[in-house]
Amino acid sequence: EPTELALNEWNLKGLDLPDVSIINSYRKERVVRQLQENKLDAVLLFDPLNIRYATGTSNMLLWNTHNPFRSCLIFDDGHCILWDYQESTHYINSNYLYIDEVRTGASMFYFAKGDNVKSAAEKFSNQVYQVFDKKGKHSKKLAIDKIMLDGFKSLESRDFKIENGEKIMEHARSIKSAEEIKAMRCSISACETSMHIMEREIKPGMSENDIWSILHSENIKRGGEWIETRLLSSGTKTNPWFQECGSRVLQNNEIVAFDTDLVGCYSICTDISRTWWIGDKEPTKEMKDDYRIALEHIQENAELVAPGVPFKDLTFKGHQLDDMYKKQQYSCRFHGVGLCDEFPLIAYPEDYEEGAFDYVLQPGMTLCVEALISREHGEFSIKLEDQLLVTDSGFENLTSYPFDKKFLKQHSDSLLAFSSENQKEIIIKSDKQSELNDVIY
């Protein structure tokens with residue numbers, strides 16, 4: 001739950017709070033609709049984020065990611081059974097109206113069951129079989145997202161017709177309701193306020209871990225949960241990208257680049273990236289040039305976003321990188337975002353796979369637009385990323401964190417000439433957000 005600190009900040013910013021009960025009802029309906037459209041009897045979930053989406057519940061989530069003790073079975077009529085660490089009846093006795101029964105016994109991993117893991121899998125699959133039989137689901141069409149090997153074999157031996165549950169859940173999660181968008185706005189606001197504090201406190205002589213810990217701390221202070229990666233680096237360590245933050249000490253007149261990958265308030269992911277210049281001199285011309293390219297990349301590609309646009313257009317249209325940047329370009333141009341990075345992944349032309357994502361954008365989808373401008377054998381990289389909402393007529397940039405003007409000084413005129421009215425509005429909104437953060441702190 002968000003803390004008083006977060007609630008007070010959102011009140012100052014005029015943000016509407018989401019109704020969590022409406023969110024949970026909508027998500028349950030999305031799962032049931034996917035089952036019905038795909039003519040499946042039920043979906044069996046082990047992924048903690050899918051369980052959270054379908055039921056609104058969470059229990060030791062990070063531990064659960066590598067110790068799968070929870071499971072959830074949802075039928076095409078909405079009937080829901082949750083297997084938990086123990087029979088937690090408070091789920092039924094409180095506001096969790098989406099759970100009809102709570103059981104235990106879904107642990108089928110070696111740490112918990114040792115050499116009896118096969119027997120544990122047989123007991124669990126027998127429970128599932130009995131529920132199907134009781135409901136008269138003799139076709140036994142069951143989707144599963146992630147399951148331990150012995151569990152899969154045991155269910156298969158009982159003649160369940162197993163389908164891909166990840167596809168069911170990714171498509172269910174891809175369209176956000178109005179209340180989910182309210183929650184995302186709040187999560188982004190809390191993340192950006194935390195970023196503002198991190199930028200204010202950063203100075204030469206701090207280690208990358210020192211800097212990154214500020215974002216962690218401020219996220220938790222506002223009711224956030226965790227950060228999925230450790231993608232903050234400085235100076236020459238920014239090239240190549242994907243080096244995790246560590247003990248390297250930031251020097252005067254160096255770049256700091258980071259990707260938030262932050263699971264914040266309401267369990268919503270805020271995935272935005274910025275690159276800052278820390279020092280009393282100016283960035284080099286090469287840095288400014290590459291920063292301009294990164295900004296053009298995300299802004300021009302964002303302009304592609306509108307309902308009905310094929311995912312393929314997001315790959316092959318818009319801003320394309322020069323050959324000198326392709327060797328170390330980012331792993332995708334866009335990706336979905338919700339509880340975490342989600343469907344779809346929009347690749348660069350060089351990585352495009354025909355038939356993998358033959359879909360179109362729909363209102364309510366939320367996407368992150370990416371740019372990594374990184375020269376092979378270079379001394380720095382520029383990382384920028386914004387979070388977008390697909391609207392009925394185009395897109396809205398949900399991100400308001402300002403871009404670093406130190407990189408833009410010599411390019412400000414050409415940048416405004418390039419920018420559309422929507423992009424000018426983004427820059428203005430970013431400045432206003434920064435001013436508001438200055439007032440709060």
Polar contact flag, side-chain donor to acceptor under 3.5 angstrom, [X]-[Y]:
X	Y	result
Gln243	Trp241	no
Lys13	Thr193	yes
His335	Glu342	no
Ser400	Glu192	yes
Lys113	Ser107	no
Ser207	Asn209	no
Asp404	Thr275	no
Asn38	Glu163	no

Over 12 foreign heavy atoms within 6.0 Å of OH, Tyr129
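For Tyr129, atom OH is not crowded (no more than 12 foreign heavy atoms under 6.0 Å).
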Tell me whether the count of non-hydrogen atoms from other residues, nucleotides or ligands lying under 6.0 Å of NZ in Lys327 goes above 12.
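Atom NZ in Lys327 is not crowded, with 12 or fewer foreign heavy atoms closer than 6.0 Å.
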Is Lys383 positioned over the aromatic face of Phe258, cation under 6.0 angstrom from the ring centre and no more than 45 degrees off axis?
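Pair Lys383/Phe258 does not count as cation-pi.
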Does the Lys NZ or Arg CZ of Lys140 fall within the cation-pi geometry relative to Phe160 - under 6.0 Å from the ring centre and within 45° of the axis?
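Checked: cation-pi criterion met.
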Mind running side chain to side chain donor-acceptor pair (under 3.5 Å) on Arg52 and Thr57 for me, showing each step along the way?
CA-CA 5 Å; Arg52 168 178 275 178; Thr57 68; over 6 Å; no
Could you walk me through whether Tyr110 and Asp115 pass the side chain to side chain donor-acceptor pair (under 3.5 Å) test, one step at a time?
CA-CA 7 Å; Tyr110 194 81; Asp115 291 335; 2.7 Å; yes
Would you call [X] and [Y] a salt bridge, using N to O less than 4.0 angstrom?
X	Y	result
Arg70	Asp84	yes
Glu354	Lys312	yes
Arg27	Glu29	no
Glu122	Arg158	yes
Lys146	Asp47	yes
Glu350	Lys326	yes
Glu296	Arg292	yes
Arg222	Glu218	yes
Arg274	Asp259	no
Glu396	Arg185	yes

Ring centroid separation for [X] and [Y], is it under 6.0 angstrom?
X	Y	value
Tyr352	Phe311	no
His171	Tyr359	yes
Phe69	Phe109	no
Phe124	Trp83	yes

Verify, without hydrogens or angle tests, whether [X] (side chain) and [Y] (backbone) share a donor-acceptor contact under 3.5 angstrom.
X	Y	result
Asp145	Phe46	yes
Ser125	Ala121	yes
Thr270	Cys191	no

Step by step, would you call Glu156 with Lys153 a salt bridge (charged side-chain N to carboxylate O under 4.0 Å, His left out)?
CA-CA 5 Å; Glu156 195 175 42; Lys153 288 181 176 180; over 6 Å; no
Are Lys135 and Asp77 close enough, and set up right, to give a salt bridge (charged side-chain N to carboxylate O under 4.0 Å, His left out), and what steps lead you there?
CA-CA 10 Å; Lys135 292 185 68 65; Asp77 63 358; 2.9 Å; yes
Using every non-hydrogen atom in the two residues, find where Pro307 and Val390 come nearest and quote the distance to one decimal.
N-CG1, 3.9 Å
What are the two closest heavy atoms between Gln328 and Ser374, and how far apart are they?
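Closest approach of Gln328 to Ser374: NE2-OG, 2.6 Å.
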Angle class for the Tyr401/Trp276 ring planes (parallel below 30°, perpendicular above 60°, tilted otherwise)?
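The arrangement is tilted - the two ring planes meet at 30° to 60°.
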